Novice: 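Below is the structure I would like to discuss, written out as structure tokens.
Quick note: residue numbers are just sequence positions, from 1. What you see below is based on every heavy atom in this structure, not just the backbone, and it leaves out hydrogens, waters and symmetry mates. Just so you know, these numbers come straight off a predicted model, no measurement behind them.
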Amino acid sequence: MSRNVHHFDLLIEDMEAELGEAWGDLTFDEARAFLDQPEAAELRFFAVAVTSEDAADLGQVGEVIRACKARAVRTVIVAHDLSPAALHELLRLGADDFVPYPLAEGALHDAIGRMRDAKPTTAAPFAAALAPATEPSDPAEAAKTAAPAKIAPRMGGQSAIFAVQGLAGGTGASTLAVNLAWELASIDKQKAPSVCLMDLDLQAGTVSTFLDLPRRDMVIELLQDAQSMDADAFKQALLGYEGKLSVFPAPPVLLPLDVIGPEEVEALLNLATQCFDIVIVDMPHTLVMWTETVLNRADVYFATMEMDMRSAQNAMRFLRALREEGLPAEKLNFVLNRAPGLTDLNGKSRVKKLAESLGVKISTQLPDGGKAVAQAGDHGEPLAVTAKKNALRREIAKLADGLHKAMLSDAAAAK
């Protein structure tokens, strides 16, 4: 559906690749009339192609999207130079997905797969509407990118925010964030908390890599339009991992860290805590103008470091900056990565001296996970999947268990 389909040559090619001859193009007027015809009962989905020229009058497009939603017909927005506000409006009206134009390779195929896997919003049997022709070549990949089945708080509304920031490069911040999120999402087979992992390292974010998930262009639009976004639009940006964990990925391109400000981050955290029990934020290494926002909202702010001079100096400067600004440094939980073993008495003594020199308590010490950590990242899987008995994985599981029990205790006390 478009004002002029010939403006979308790449979309025509992709539709032919996906459906062969079993597709057609309609104008906005024709599409609304077609939905009332008997032939519409066999309709799989609408690809709604819009440009900046259509943004001035979205009423006609919105009417078709609402009509599709009422008939359990999925819609994917194919947007060319569309403003964030216009995109948000179409998603709010009921569009199921969004892909930017020009289309990246496989983008339409992936969108069709997500729409097929999503549950219908009405009683109509959408599963029967999408034919096996759109089945992805790799079912395991579809399971990773499908929207999580459970996406609402189940712990009495007591949402928690845990942030993770590396005080130096290579101190395992993203490894901790990814594996802690997975352990929390898998901690209770009967009633696990709903968990959202947000990668706000806009330049070097690796969460998608560590979980073998795609990066989505729509994240850029939603980051900039976060204040006017609602929960439904927020969920559109999420990727699911194994039906347990929801991921807000970093954008596919490098963005300046000030592309979002405290107001946008506050809005993102509000939306995430509306939808999930636990929100884990993977922060950039650099202090930014919205670090204060996350620190103030976080229940625990993990700061990862190692036993070296760069970590010690950065930790000292980090603490000084927080204290000078009157920020809650007591929320910091210093995490020592590649900590010495139990029998390394010299190493234990060095850890004690480091803590004393900083005037802090290093309450979490994680052992060296060895080659298994890099291998898990390369395979796009958590340590619990590739190396369940790994020493680092066991310690992260213990940390997750302690956090989960504390949440349950707080929820019980609130009642």
Novice: Are Leu268 and Met198 packed together at the side-chain level, in the sense that at least one heavy-atom pair is separated by less than 4.5 angstrom?
Specialist: yes
Novice: Given Leu223 and Glu264, is the side-chain contact (heavy atoms from CB on, under 4.5 Å) satisfied, shown in steps?
Specialist: CA-CA 7 Å; Leu223 283 171; Glu264 286 79 15; over 6 Å; no
Novice: Testing the basics here: between Ile187 and Pro193, what is the closest heavy-atom pair and its distance to 0.1 Å?
Specialist: CG2-CD, 3.8 Å
Novice: Distance from Arg44 atom CZ to Leu19 atom CG, nearest 0.5 Å?
Specialist: 5.5 Å
Novice: Closest approach of Leu319 and Ala329, non-hydrogen atoms and distance?
Specialist: CD2-CB, 4.4 Å
Novice: Might you point out which heavy atoms bring Ala181 and Leu245 nearest each other, and give the distance in Å?
Specialist: CB-CD1, 3.9 Å
Novice: NZ/Lys352 to CD/Glu356 distance, rounded to the nearest 0.5 angstrom?
Specialist: 5.5 Å
Novice: Considering only NZ, NE, NH1 and NH2 on the basic side and carboxylate oxygens on the acidic side, decide whether Lys405 and Asp401 come within less than 4.0 Å.
Specialist: yes
Novice: Taking side chain as C-beta onward, heavy atoms only, is Ser159 less than 4.5 Å from Val279?
Specialist: no
Novice: Look only at the side chain of Thr51 and the backbone of Glu53, and say whether a donor-acceptor pair between them is shorter than 3.5 Å.
Specialist: yes
Novice: Taking side-chain hydrogen bond (donor to acceptor under 3.5 Å, both in side chains) as the criterion, tell me which of Asp282, Asp199, Asn179 meets it with Ser174.
Specialist: Asp282
Novice: Within a radius of less than 6.0 Å around CD of Gln227, do more than 12 heavy atoms belonging to other residues, nucleotides or ligands occur?
Specialist: yes
Novice: I'd like to know if the side chain of Asn337 pairs up with that of Thr304 as donor and acceptor (distance under 3.5 Å, no hydrogens or angles considered).
Specialist: no
Novice: Taking the inter-plane angle between the rings of Tyr101 and Phe8 on a 0 to 90° scale, is it parallel (under 30°), tilted (30 to 60°) or perpendicular (over 60°)?
Specialist: perpendicular
Novice: Applying ring-ring contact (aromatic ring centres under 6.0 Å, His included), name anything that partners Phe318, two or more places apart in sequence or on another chain.
Specialist: none
Novice: If you measure from CE on Met15 to CD1 on Ile112, what distance do you get to the nearest 0.5 Å?
Specialist: 6.5 Å
Novice: Report the C-alpha separation of Val50 and Phe28 in whole Å, then their side-chain angles, then the decisive distance to 0.1 Å, and conclude whether the side-chain contact (heavy atoms from CB on, under 4.5 Å) test is met.
Specialist: CA-CA 10 Å; Val50 289; Phe28 298 143; 4.3 Å; yes
Novice: Going through the distances and angles, do Ile396 and Leu176 end up as a side-chain contact (heavy atoms from CB on, under 4.5 Å)?
Specialist: CA-CA 7 Å; Ile396 294 177; Leu176 174 60; 4.2 Å; yes
Novice: Should we say atom CD of Glu325 is surrounded by more than 12 heavy atoms from elsewhere, each under 6.0 Å from it?
Specialist: no
Novice: Do His379 and Asp212 make a side-chain contact, defined as non-hydrogen atoms from C-beta onward lying under 4.5 Å apart?
Specialist: no
Novice: Working to the nearest 0.5 Å, report the span between OG of Ser246 and NZ of Lys235.
Specialist: 9.5 Å
Novice: Between Ala31 and Leu26, what is the shortest heavy-atom contact and its length?
Specialist: CA-CD1, 3.8 Å
Novice: Does a salt bridge link Lys398 with Glu395, judged by any charged N lying under 4.0 Å from a carboxylate O?
Specialist: yes
Novice: So does Val300 get a backbone contact from the side chain of Asn333, meaning a donor-acceptor N/O pair under 3.5 Å?
Specialist: no
Novice: Taking the side chain as every heavy atom from C-beta outward, state whether Thr386 and Arg393 have any pair of such atoms under 4.5 Å apart.
Specialist: no
Novice: Return yes if a side-chain donor-acceptor contact under 3.5 Å exists between Asp277 and Ser194, otherwise no.
Specialist: yes
Novice: Looking only at heavy atoms, what is the nearest atom pair of Ala177 and Leu197, with distance?
Specialist: O-CD1, 4.0 Å
Novice: Supply the atom-to-atom distance Phe234 CZ to Phe276 CZ, rounded to the nearest 0.5 angstrom.
Specialist: 6.0 Å
Novice: Identify whether the distance between the nearest side-chain nitrogen and carboxylate oxygen of Asp97 and Arg216 falls below 4.0 Å.
Specialist: yes
Novice: Taking C-beta and beyond as the side chain, do Asp201 and Met283 meet within less than 4.5 Å on heavy atoms?
Specialist: no
Novice: Are any of the side-chain heavy atoms of Leu358 and Met305 separated by less than 4.5 Å?
Specialist: yes
Novice: Could you state the interatomic distance from CG (Leu167) to CZ (Phe302), rounded to the nearest 0.5 Å?
Specialist: 13.0 Å
Novice: Under a 4.5 Å cut-off applied to non-hydrogen side-chain atoms, are Gln165 and Thr291 in contact?
Specialist: yes
Novice: For Leu399 and Val335, what are the C-alpha separation, side-chain angles and deciding distance, and is it a side-chain contact (heavy atoms from CB on, under 4.5 Å)?
Specialist: CA-CA 11 Å; Leu399 177 60; Val335 179; 5.8 Å; no
Novice: Do you know which two heavy atoms are closest between Ala267 and Ala226, and how far apart they sit?
Specialist: CB-O, 3.6 Å
Novice: Kindly indicate whether the side chain of Thr175, heavy atoms from C-beta on, has any atom under 4.5 Å from the side chain of Val373.
Specialist: yes
